Visitor: 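Have a look at this one.
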There are 2 protein chains.
Amino acid sequence: MTDIDTSPIPERKRGSGVKMVYDLLRDEILDLVLPPGSPIDEVQLAERFKMSRTPIREALVQLAGEGLIDTLPNRSTMVANIDFLNMHTFFDALVLMYRVTTKLAAQYHRPEDLKVIRAHQVEFAAAVQAQDALAMIATNAAFHSAIAEAGRNPYFTGLFNRLLDEGRRMLRLYYQSYDDRLPQRFVEEHDDIIAVIANHDVEEADRLARLHAEQIVHQIQKLFAREDRLDMAL
Amino acid sequence: MTDIDTSPIPERKRGSGVKMVYDLLRDEILDLVLPPGSPIDEVQLAERFKMSRTPIREALVQLAGEGLIDTLPNRSTMVANIDFLNMHTFFDALVLMYRVTTKLAAQYHRPEDLKVIRAHQVEFAAAVQAQDALAMIATNAAFHSAIAEAGRNPYFTGLFNRLLDEGRRMLRLYYQSYDDRLPQRFVEEHDDIIAVIANHDVEEADRLARLHAEQIVHQIQKLFAREDRLDMAL
DNA sequence: TGTATATTATTTGTCGACAAGAATTTCAGC
DNA sequence: GCTGAAATTCTTGTCGACAAATAATATACA
């Protein structure tokens with residue numbers, strides 16, 4: 001008999017398991033590592049993370065609450081589909097939140113907020129330069145999220161962050177379609193937005209945010225319209 | 001020894017326990033039966049519902065996800081406080097969603113939507129007549145929720161319903177302060193809103209929704225300002 | 001061979017138990 | 001009587017096991 005595994009590894013703090021599983025699954029879903037429809041196996045996850053099914057299930061309950069996974073009672077649970085049919089309603093909500101949060105930022109931001117926002121913009125520009133798609137998505141979301149924070153309305157930032165997360169999946173498809181490249185234009189638009197926020201120019205903030213949002217929406221819709229045509233051609 | 005309890009009662013379908021606990025706790029929290037700060041005891045709930053702690057905990061995880069309860073790691077969990085400090089941000093969000101959903105309803109509603117909306121309005125009027133505070137809150141929320149549904153944007157309806165739920169607790173306090181009575185004026189404003197929606201009058205829908213929302217917000221803020229003064233007087 | 005039924009296997013929902021961490025109590029020393 | 005450490009109680013987080021529900025497979029029959 002070989003030496004017994006006295007399992008010195010389970011150096012994991014009590015209570016940290018749920019969060020760990022939640023965070024990882026969430027990222028894998030939003031980055032399309034787990035594409036929509038992928039089956040989620042509790043026991044498999046339990047083995048993978050070396051823990052029992054109980055904490056796994058609690059993490060899954062959270063994800064289901066956010067609509068990222070679908071759970072059929074007594075049957076399988078899988079990654080939720082992207083709702084392409086109601087995509088335009090998503091974009092309507094996104095554009096509105098872009099406008100509202102940017103306006104509020106122009107109104108209520110403080111000097112230290114601008115520092116944070118500019119820092120995110122630097123990272124975003126670097127990601128575009130490096131053509132790192134996942135980094136672009138993450139830093140872009142962080143940039144706008146920071147603007148929302150500067151607007152100081154937790155309800156808006158909450159919804160906005162949820163929309164950005166939801167959009168991460170569509171955005172991932174979008175970036176992929178352009179070989180993970182992104183035009184410099186978005187970087188410049190971000191700079192303009194920072195400028196009007198710094199100037200406390202509420203009206204112009206609204207206008208630029210709207211243009212920026214509609215710009216992105218337009219690009220993505222063009223992509224999916226193209227894909228629709230390709231699908232039909234099959 | 002008396003006859004053994006062969007427990008013929010647990011006639012509860014597999015998988016229904018979580019939802020049952022979730023729904024009940026949620027209602028008790030939102031209706032202030034469980035006031036903010038109330039401790040939530042897992043074993044007590046387990047005994048009360050005659051089930052193990054596992055499904056109870058899953059329900060609690062969901063409630064925590066919605067921010068209705070706060071969970072301190074390894075320590076107690078309790079009903080979340082109402083955030084009076086950031087109340088104005090809540091009202092900003094509420095007013096915006098009132099406007100957006102009502103506008104969209106005026107744009108996109110179909111005849112059958114109006115039927116549903118009118119039905120809720122009848123119930124609301126009845127609740128006001130009967131001076132049934134909880135019914136007023138519920139039917140008022142159902143009324144506006146139906147309008148949001150008619151606007152056909154699931155993201156907006158989602159946020160809006162969350163706000164209405166959150167507001168249920170403040171509204172409950174508000175109604176209590178008026179001996180659970182409510183002026184007839186709100187009923188009339190609802191009728192006006194129905195009319196402009198039916199007319200597809202988007203601009204007017206926006207205006208009325210805004211007035212209606214600000215009306216309510218103003219009333220509630222007046223109440224809390226009064227309470228603040230009372231608190232200070234102590 | 002195709003279809004309906006019975007059997008087996010897999011997966012989920014629930015349970016009781018245990019251990020880690022925090023709160024409370026006990027008790028020694030000053 | 002007060003302070004601080006040690007012991008105890010209590011609650012939470014996690015586990016392994018079992019049972020219900022479903023899916024997969026085998027078997028019987030036309």
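The analysis underlying the following values was restricted to heavy atoms, covering all of them including side chains, and did not include hydrogens, waters or symmetry mates. Reminder, nothing fancy here: chain letters follow the sequence lines and each chain counts from 1. Note that the structure is a prediction, hence the values are computed from the model and not measured.
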Visitor: Apply the test side-chain contact (heavy atoms from CB on, under 4.5 Å) to residues B:Glu66 and B:Arg26: give CA-CA distance (whole Å), side-chain angles for both, the deciding distance (0.1 Å), then the verdict.
Guide: CA-CA 10 Å; B:Glu66 294 179 33; B:Arg26 189 162 176 283; 3.5 Å; yes
Visitor: How many whole angstroms separate atom CD of B:Glu47 from atom P of C:dC15?
Guide: 13 Å
Visitor: Roughly, in whole Å, what's the span from CD1 in B:Ile69 to P in D:dT12?
Guide: 11 Å
Visitor: What is the distance, rounded to the nearest whole Å, between atom NZ of A:Lys13 and atom C1' of D:dT14?
Guide: 17 Å
Visitor: How close or far is atom P of D:dC18 from atom CZ of B:Arg14, stated in whole angstroms?
Guide: 15 Å
Visitor: Determine: side-chain N/O of A:Arg53 to OP1/OP2 of D:dG16, distance under 4.0 Å, yes or no.
Guide: no
Visitor: If you find the nucleotide of DNA chain D closest to A:Asn74 and the one closest to A:Val18, which residue's nucleotide is nearer the 5' end?
Guide: A:Val18
Visitor: Taking the nucleotide of DNA chain C with the nearest heavy atom to each, does B:Arg75 or A:Thr54 sit closer to the 5' end?
Guide: A:Thr54
Visitor: Round to the nearest Å and state the distance from A:Ile40 atom CD1 to C:dT12 atom P.
Guide: 11 Å
Visitor: For A:Ser52 and B:Val43, take the nucleotide of DNA chain D holding the closest heavy atom to each; which residue's nucleotide lies nearer the 5' end?
Guide: B:Val43
Visitor: Would you check, one step at a time, whether the test side-chain contact (heavy atoms from CB on, under 4.5 Å) holds for B:Val100 with B:Leu104?
Guide: CA-CA 6 Å; B:Val100 170; B:Leu104 286 177; 4.0 Å; yes
Visitor: Find the distance A:Arg57:CZ to C:dT14:P and express it as a whole number of Å.
Guide: 7 Å
Visitor: How long is the line joining NZ of B:Lys50 and C1' of C:dG16, in whole Å?
Guide: 17 Å
Visitor: Hey, is A:Arg48 close enough to A:Asp41 for a salt bridge, meaning N to O under 4.0 Å?
Guide: no
Visitor: Rounded to whole Å, please give me the gap between CG in A:Leu72 and P in C:dT10.
Guide: 20 Å
Visitor: Ring centres under 6.0 Å, that's the criterion: do A:His120 and A:His144 meet it?
Guide: no
